[in-house]
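Numbering of ligands and ligand atoms starts at 1, following listing order. Every value quoted in this text rests on a predicted model; they were computed, and no experiment measured them. Reckoned from all heavy atoms, side chains included, excluding hydrogens, waters and symmetry mates.
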Amino acid sequence: MSPARGPRVVLGVAGGIAAYKAATLLRELTESGHDVTVVPTAAAERFVGRATWEALSGHPVATDVWTGAAEVPHVRLGRHADLVVVAPATADLLARAAHGLADDLLTNVLLTATCPVLLAPAMHTEMWQHPAVQDNVALLRSRGVTVLEPASGRLTGADTGPGRLPEPPEIAAACRRLLGSGARRGDLAGRRVVVSAGGTREPLDPVRFLGNRSSGRQGVALAAAAAARGARVTLVAAHLEVPAPAGVHVVPVGTAVELQQAVHAAAAGADAVVMAAAVADFRPATRAGTKIKKSEDPARDPVVVLERNPDVLAGLVAERAAAPAGSHRCVLVGFAAETGDESGTVLEHGRAKLARKGCDLLVLNEVGETKGFAAPTNAVVLLGADGSERTVAETSKDVVADAVWDAVVPMLTATTPVITPATTSQVPEIPETGAP
Ligand code: CTP
């Protein structure tokens, strides 16, 4: 009997000085039972020789599609891989991957792969921050490719900054998470979910607004994860700083009241609503039709009077409670951005909010000047209405998103009828409440 095969990984290596670290990553993956084939680019071979990859992986190595052409390696490798990881991914490799070029074996593999793809960029800070590179990264992410944020620190020369390849154990952990999430693929098939993301803006006059620092990254990650797991997703998007993922229905909104209308319309018949948006609790009581001007007399400076916005999540909870017994039950998830203060810790505020809001799950995160908002990472505690508590230590917002859906899925099974693919035509259409 042949021994059980480990997950098949294609390790792409692009031509950057960090290519030498890929040897450690390769070692780490093979030693933990992965069957790794290395596909370097021609430029990578200038940094690390082919013999190193062959000896460490136990597989022959090629950089072009002509070697072993009879076996059509670019199709075989892509189709049979459980994961493709590229480390380091250079600016050039990111550009070629984003634009579908296929001029060597690695870019061909990226086009034929149907498995998860993880790219670990490494380059100089100026290159990483260049809009061309950032646009390519956004495009790749919008297609479901996981692009790790580079680490900050010493670069090739004397310079330091963001652009370092994350350490091999970190990349290996991200590989394991993606391979693990393969088992979760399809567990939201037939479900319809609504995610609100971003931050609402409450106009004071035609040019000014009261807003908040939410970038929408966590909500976008939740929408992308749900779509990857098979759900039909409506993303109610308030001023996102990041592109919405491909394959989700986007309803753009501006104010809290617009968000409330869009969420309520989309929530009808939905299996879950995740309120990740930062919704303004208050809006200016009056909105000037023309730009507010300074007068000569400081005594006549305007005073902004605020009035309350509706609590969207509380409204959904109340609507669900008022529904007749036996109605379709929607799982409701809230977020709580807390700072902790003299009246309680972050956790105490979270527990109180869960009880006050009456939702099924509360995703609690600590926010501050440098925590939570706009960052690619997040650290949360998932508080369940059943008293459960799961801590997700600082990690990417993609991993947090999967942890949230991991917690939601059993609640769906327990509370809503599973809609099998054969009956998905009975799922009500997503209301078109906004421009696509
Ligand atoms: N939320 C909402 N409607 C509002 C305010 C918040 O639906 N008007 C939702 C958010 O999307 C989030 C949850 O309620 O899922 C908690 O938001 P948060 O701002 O942390 O709490 P608040 O209810 O606003 O309470 P406070 O700011 O007083 O802590």
Does [X] pair with [Y] as a salt bridge, N-O distance under 4.0 Å?
X	Y	value
Glu149	Arg141	yes
Arg356	Asp311	no
Asp271	Arg232	no
Asp103	Arg96	yes

Using a 4.0 Å cut-off to any heavy atom of Pro310, which atoms of ligand 1 qualify? 3 (N), 4 (C), 8 (N)
For Asp82 and His34, which I'm curious about, is there any donor-acceptor pair between the side chains at under 3.5 Å? no
Report yes or no: do Ser295 and Asp297 form a side-chain donor-acceptor pair below 3.5 Å? no
So for [X], does at least one of its heavy atoms come nearer than 4.0 angstrom to any atom of ligand 1?
X	value
Lys357	yes
Arg308	no
Ala336	yes

Under 3.5 Å between any N/O of Gly334 and any N/O of ligand 1: does that happen in this structure? no
Applying a heavy-atom cut-off of 4.0 Å, say which part of [X] lies close to ligand 1: side chain, backbone, both or neither.
X	answer
His349	neither
Ala256	neither
Asn309	neither

Report the nearest protein non-hydrogen atom to atom 26 (P) of ligand 1: residue, atom name, distance rounded to 0.1 Å. Lys353 NZ, 3.7 Å
